[in-house]
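Working notes, structure below.
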Amino acid sequence: MSLNDPVTYLSLLVFLPALGALVLAFFPRGNDEAIKFTSLAFTVATCLLAFGLFVHNGGVDFKPDTAAMQHLFALPWIPSFNIQYLMGLDGISFPLVVLTAFLSVLAMVASWPIVKNVKAYCILFLLLETGMLGVFMALDFFLFYVFWEVMLLPMYFLIGVWGGPRREYAAIKFFLYTLFGSVLMLIAILMLYFHSDLTMLSADQLAATGVVPVQENQSASEAFTLWQQDDPVGQEFAAIKSESDPDRARKLHTFNILALQQIGQLDNSPFKTLVWGSRSVQWWAFVLLFIGFVIKVPSVPVHTWLPDAHVEAPTPISMILAGILLKMGGYGIIRICYPICPDAGYDLATVVCGVGVVSMVWGAFAALAQKDFKRMVAYSSVSHMGYVVLGLGVWSAYWGTGYNADYWKMGVTGAMYQMIAHGISSAGMFFMVGVVYDRVHHRDLNQFGGLFAKMPVYSGLAVAIFFAGLGLPGLCGFIGEVFVVLSVWKFSQVLAVISAAVVILTAAYILWAIQRVYLGAEYRGPHPEALTPITKRELSVAVPLVVLAIVFGVYPKILLDYMQPTLDQQVVTLAKWTEVNKPAPSTPLEARIPARDVALAGRP
């Protein structure tokens with residue numbers, strides 16, 4: 001075992017926090033400081049492993065100019081159902097993995113004021129981190145679902161035990177909403193699994209998806225031949241392909257997400273089979289998966305669990321919830337929904353974009369109406385994550401635009417950038433709210449005022465973070481939002497105008513909050529004597545977030561270089577699929593390929 005081996009490196013990256021939780025289980029009760037420092041050490045070590053992927057030393061590193069899945073490996077896990085321990089990294093998952101590891105360190109530092117059941121808190125925190133990292137790296141649908149569920153219980157207890165006065169209600173609401181989405185996801189997973197068939201894929205496709213392991217200096221065809229001879233799954237593949245009796249024909253099912261993507265994009269995809277209500281398998285799978293993922297985003301109308309969970313959760317858990325967990329919904333849509341179910345994604349593009357725009361507007365108006373500081377920030381997350389859903393749904397590569405994928409690329413890139421930027425700004429905003437709440441024990445916006453005079457350093461950092469959330473040019477929130485709004489114009493000018501107008505509402509609630517909390521002549525609430533300057537521990541959390549907000553706003557290339565090749569490749573692939581499968585209405589079915597020329601010439 002060596003750290004130059006992707007299996008060892010990526011497995012250690014995922015399971016090191018869980019190992020830390022196991023170590024903490026043997027710590028004696030009452031030794032709170034040692035438990036916290038040990039937990040911090042494991043989160044820092046995990047973060048260093050994530051940052052180590054930036055180092056190009058010939059081992060396990062991430063190459064920014066590569067669109068394909070990197071360090072892909074597959075090991076048998078439950079062979080009877082062809083379930084694999086399958087992981088890898090690409091431009092979609094890598095930035096989210098680094099963000100998760102980084103924010104986990106800051107959230108652990110922010111957890112220092114926790115004094116109740118510290119050992120249990122730290123164990124659950126580390127298990128939660130393992131679940132989050134696993135979701136972003138798992139490429140087997142069954143393994144993905146296991147990690148998805150692993151996150152549920154730690155977060156439930158972290159809110160329900162260490163939260164505010166209504167913590168039980170908020171935790172149960174979070175649990176029920178997320179569990180409902182998980183059930184819908186499970187139904188979709190089973191539908192796709194039982195309709196999948198690996199025998200429909202070529203040797204090159206099987207190699208690219210990790211089904212066929214390819215050694216260095218080995219061609220896909222050579223690896224495919226050896227795979228059929230030596231691997232039990234390969235032998236079953238060969239037996240099914242050689243069967244000549246149609247009555248004995250079988251399918252080779254798979255949970256491999258990459259293979260399901262290839263199957264879903266075939267012209268004769270089995271996912272096009274009609275099932276309920278004259279709708280195809282992939283139409284229903286897309287709907288079920290989309291609902292499950294937008295619950296996590298969350299989007300209107302399945303967003304109501306979020307404000308309660310945020311208000312009652314302790315500050316570090318709010319940072320994790322807003323900074324990482326919400327991004328799993330967007331990740332699921334871009335990784336699973338569109339590549340596996342493109343036919344449904346194309347047909348429901350308007351619905352997806354509508355959900356995004358409604359969430360943006362609804363969240364902004366709701367934030368404007370809040371008197372609770374933390375609840376206002378929670379509703380701002382609903383609004384900002386609406387940009388993510390909108391950007392992903394802008395399927396502008398169709399016959400009317402000559403199958404030009406440029407604007408869709410811009411939308412998907414903007415959505416991905418917005419996820420990272422919102423992870424930075426939202427975690428920072430919740431932390432800044434927590435800093436002042438720990439001192440005065442209230443969040444009433446109308447009882448603040450004058451904090452700039454009493455806490456100038458804290459106030460300056462807080463204003464910078466809130467401006468990043470506002471989308472001020474030069475800060476991280478600006479890039480993603482502009483990309484998304486520009487991309488929508490070619491899809492729907494009405495939606496583009498509405499989404500652009502949301503910026504005004506965002507500025508209204510952010511600036512009004514800054515005015516009520518940080519400006520003014522004097523503080524109007526209880527415990528004015530507790531408004532002491534920000535501590536070094538608090539600075540160690542706030543300063544890195546502010547720095548990243550500035551860096552990602554001034555120099556977005558540092559992030560785009562890693563994510564854009566993969567995103568562009570996925571969009572171009574789906575645009576080509578659209579050209580073949582969704583011709584212009586006046587184009588005969590047998591003349592699908594020239595559809596681009598028809599659209600460009602006449603734009604019917």
Distance-minimising heavy-atom pair for [X] and [Y]:
X: K454; Y: P528; answer: NZ-O, 4.3 Å
X: A378; Y: P307; answer: CB-CA, 3.9 Å
X: S39; Y: L24; answer: OG-CD1, 3.1 Å
X: A50; Y: A101; answer: CB-CB, 3.8 Å
X: F478; Y: L472; answer: CB-O, 3.5 Å
X: T43; Y: V105; answer: O-CG2, 3.3 Å

With a 4.0 Å cut-off, would you call [X] and [Y] a salt bridge?
X: K116; Y: D32; answer: no
X: R166; Y: D308; answer: yes
X: K119; Y: E33; answer: no

Is [Y] close to [X] at the side-chain level, that is, under 4.5 Å between some pair of heavy atoms?
X: F448; Y: Y518; result: no
X: L53; Y: L13; result: yes
X: L99; Y: I424; result: yes
X: H422; Y: V388; result: no
X: V457; Y: I534; result: yes
X: V352; Y: L392; result: no
X: S93; Y: R335; result: yes
X: I123; Y: F27; result: no

E538 vs T535, side-chain contact (heavy atoms from CB on, under 4.5 Å): CA-CA, chis, key distance, verdict: CA-CA 5 Å; E538 292 165 339; T535 65; 3.3 Å; yes
Checking the side chain of [X] only, and the main-chain atoms of [Y] only, is there a donor and an acceptor separated by less than 3.5 Å?
X: S459; Y: L451; answer: yes
X: Y331; Y: F136; answer: yes
X: T178; Y: F175; answer: no
X: Q447; Y: R443; answer: no
X: S540; Y: R537; answer: yes
X: D438; Y: H441; answer: no
X: R375; Y: K371; answer: no
X: H384; Y: G469; answer: yes
X: T130; Y: A18; answer: yes

side-chain contact (heavy atoms from CB on, under 4.5 Å) between Y177 and L306, intermediate numbers included: CA-CA 10 Å; Y177 267 77; L306 182 71; over 6 Å; no
Atom [atom1] of residue position [X] - does it have more than 12 heavy atoms of other residues, nucleotides or ligands inside 6.0 Å?
X: F147; atom1: CZ; value: yes
X: F180; atom1: CZ; value: no
X: Y85; atom1: OH; value: yes
X: K63; atom1: NZ; value: yes

Worked check of side-chain contact (heavy atoms from CB on, under 4.5 Å) between V297 and V302: CA-CA 9 Å; V297 167; V302 288; over 6 Å; no
Kindly state whether the ring of [X] and the ring of [Y] have centres lying under 6.0 angstrom apart.
X: W148; Y: F293; answer: yes
X: F54; Y: Y562; answer: yes
X: H442; Y: Y437; answer: no
X: W112; Y: F37; answer: yes

Residues which pass salt bridge (Lys or Arg N to Asp or Glu O under 4.0 Å) with D140, listed by chain and number, not counting sequence neighbours: none
[X]-[Y] side chain donor-acceptor pair, cut-off 3.5 Å:
X: S182; Y: E149; answer: yes
X: S359; Y: H303; answer: no
X: K374; Y: S318; answer: yes
X: Y417; Y: Y387; answer: no
X: Y509; Y: S383; answer: no

Criterion ring-ring contact (aromatic ring centres under 6.0 Å, His included) on Y9 and F15, from CA distance to verdict: CA-CA 10 Å; Y9 197 101; F15 292 105; over 10 Å; no
Can you tell me how far the [atom1] atom of [X] sits from the [atom2] atom of [Y], to the nearest 0.5 Å?
X: I295; Y: F174; atom1: CD1; atom2: CZ; result: 11.0 Å
X: L128; Y: S104; atom1: CG; atom2: OG; result: 7.5 Å
X: H71; Y: L89; atom1: NE2; atom2: CG; result: 7.0 Å
X: L158; Y: R167; atom1: CG; atom2: CZ; result: 13.0 Å
X: L103; Y: M108; atom1: CG; atom2: CE; result: 14.5 Å
X: L40; Y: C47; atom1: CG; atom2: SG; result: 10.5 Å

M151 and K296: CA distance, side-chain angles, deciding distance, side-chain contact (heavy atoms from CB on, under 4.5 Å) verdict: CA-CA 12 Å; M151 298 182 305; K296 186 71 78 175; 4.3 Å; yes
Identified side-chain contact (heavy atoms from CB on, under 4.5 Å) partner of I317 from the options Y121, W162, F430: Y121
